[in-house]
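Note sheet for the following structure.
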2 protein chains.
Amino acid sequence: MKTDPKSKADLSAQIAKAIRDAIIEGRMIVDERLPSEAELSEQFNVSRPTVREALKRLAAQSLIRTQRGAFGGAFVNRLSYEEAYGQHITTSTLLLSMNGVNFDVACEARYALERACTPMAAARRDPDHLATMRAEIHRQAQPGLSDEGFCASDVTFHRALVDAAGNPVLSYQLAGAVEAMQPLMNMITFTARSRGEIVTLHTRIADAIEARDADAAEIALRELETYTLHLGRDVMAARAQNS
Amino acid sequence: MKTDPKSKADLSAQIAKAIRDAIIEGRMIVDERLPSEAELSEQFNVSRPTVREALKRLAAQSLIRTQRGAFGGAFVNRLSYEEAYGQHITTSTLLLSMNGVNFDVACEARYALERACTPMAAARRDPDHLATMRAEIHRQAQPGLSDEGFCASDVTFHRALVDAAGNPVLSYQLAGAVEAMQPLMNMITFTARSRGEIVTLHTRIADAIEARDADAAEIALRELETYTLHLGRDVMAARAQNS
DNA sequence: TGCCTTTAAAATGTCAGACATTTAAATGTA
DNA sequence: TACATTTAAATGTCTGACATTTTAAAGGCA
């Protein structure tokens, strides 16, 4: 496990990279124990705090987990879907918000990806996913629901649609696209009329998925994209006028 | 910026979470300077090494960058597409390799997402993307190319296809799906015959994109998926027999 | 002997203080 | 004014110590 002194990075970053590479390249396998902090500081010829900083970097990426006590230490962590979701969503959300990504662009990406799932979702949907979709549609029709609640329910609905495709890799990849849109969607004030429109489209999507009619689902999804785009543009226009 | 003492996490993890939340929720904006390590250790009532561990966690996620010297410190980092790509690819690759994801499942996800890009790619492709695709096809036809080189070129080709859609959010989301497949693809030994088949299909895709014929591109892409699936299954079958 | 309790050891978690290094602003000088 | 020097503020690193957690082994008791 060698570090590259040429790079001008911090020692802790170099050490983290060396260990990370070992994990990525399979030289360290899942659940394998890393040397103790004291041993690592000897191996890399640095102090223990420096080693610890390196380990914290890896822990932040869920590449390792640590356990205290005798026979504890740092272990290569099996990256779970849940952890990966979290990482992906955080990164996606910040990427969009920090770079002032256009609502249209984000919207286009999200719906394009989502449409890619519909054929599989229509073919493989099981009662659980349908039940979730129906439940969320019902919630979205409640008059007392806040805008944030409406958006959150929208995300749950669409994630159920994606999950219905029965491909966990696809679900993981789309989690970022769907969830990262939420802050942008939260800027929209949903009137009773727009909620009604969305609920209608959601119902059409759920019906199409239940009927295993991929084409109908895709068409409804495309209409939903168009409608969402309009709502977003209205908000942007109103905002531009106020400033 | 409050920490939650109820959670049993490490202090450095709690502090990292508090700062991370402040960034995500927009309470700290891009390029804003964090308090110095000494000030943070006072604020959170912990020692400086603990604060540093927290900052390293955030740095590992590219949420902050640090600068030494007077008027240096830690700054909220504008997450660039490049950094986000790196994060996403690392996570995706490990997710697939550590969970022994089925070749078929990964393949299905990848091509489903890629097909979602083709209509936009056909509509918006510019000469640069086409040139990259042609160049990679040419490289793939070189007899001396190693299997790894062939795979790497394959990734470049497909990324050019995705980038041709002209939606950076889409490119970002797909980077994970395309790149994470590479280790799985690397297990395949590409014979002269299979390379020829792939080059033919790549050429059909490039031709279709150039002709702005989305349907033809999608059909060729679907054939490529089927063919890749066959190659993968052959490898798996051979591997099963050897064990 | 067998079970329970205690103890010891090993590891991470945290703290305190010191020094090294880097960087840019402030200062001094030709 | 332009350039070189100084200085201060910050991160980077090291040393050593102590606290806490956890498990395995040792020891005591019925």
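We name chains A, B, ... by the order of the sequence lines, and we start the count at 1 in each one.
For A:Arg159 and A:Asp163, the salt-bridge test fails: no basic side-chain N is under 4.0 Å from an acidic carboxylate O. Salt bridge status for A:Lys56 with A:Glu53: absent, with no side-chain N to carboxylate O gap under 4.0 Å.
Nucleotide C:dT14 holds its P atom 13 Å from the CG atom of B:Asn45, rounded to whole Å. The separation between B:Glu42 atom CD and C:dC15 atom P is 14 Å, rounded to whole Å. Between A:Leu40 atom CG and C:dG13 atom C1' there is a gap of 16 Å when expressed in whole angstrom units. C:dT14 atom P lies 11 Å from atom CZ of A:Arg48, rounded to whole Å. Here D:dG12 presents its C1' atom at 17 Å from CZ of A:Arg52, a figure rounded to the nearest Å. Between the CD atom of B:Glu53 and the C1' atom of C:dA16 there is a distance of 15 Å, given to the nearest Å. Taking atom CD of A:Glu39 as the reference point, atom P of C:dA11 lies 6 Å away to the nearest angstrom. One atom, CG of A:Asp10, and another, P of C:dA20, lie 19 Å apart when rounded to the nearest Å.
Less than 4.0 Å separates DNA chain D from at least one heavy atom of each of the following residues of residues 54-66 of chain B: B:Lys56, B:Thr66.
In this structure, the separation between CD on B:Glu148 and OG on B:Ser153 is 13.0 Å, given to the nearest 0.5 Å.
A:Arg48 pairs by the side-chain hydrogen bond (donor to acceptor under 3.5 Å, both in side chains) definition with A:Glu37, not counting sequence neighbours. For the side chain to side chain contact (heavy atoms under 4.5 Å, CB included) test, residues two or more places apart in sequence or in another chain that qualify with A:Arg115 are A:Tyr111, A:Ala112, A:Glu218, A:Leu221, A:Arg222, A:Glu225.
For A:Phe150 and A:Phe190, the distance between ring centers is under 6.0 angstrom.
Residue pairs meeting the salt bridge (charged side-chain N to carboxylate O under 4.0 Å, His left out) criterion with at least one partner in residues 87-96 of chain A, sequence neighbours excluded, are absent. Residue pairs meeting the salt bridge (charged side-chain N to carboxylate O under 4.0 Å, His left out) criterion with at least one member in residues 95-110 of chain B, sequence neighbours excluded, are A:Arg124-B:Glu108, B:Asp104-B:Arg233, B:Arg110-B:Glu114, B:Arg110-B:Asp154.
With the nearest nucleotide of DNA chain D identified for both A:Val46 and B:Gly72, B:Gly72 has the one nearer the 5' end.
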Every protein N/O within reach of nucleotides 22-27 of chain D N/O, cut-off under 3.5 Å:
from, atom 1, to, atom 2, distance (Å)
D:dT22, O2, A:Ala70, N, 2.9

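For the pair B:Thr50 and C:dG13, the criterion of a side-chain N or O lying under 4.0 Å from OP1 or OP2 is not met.
Within 6.0 Å of CZ in B:Arg65 there are more than 12 heavy atoms belonging to other residues, nucleotides or ligands.
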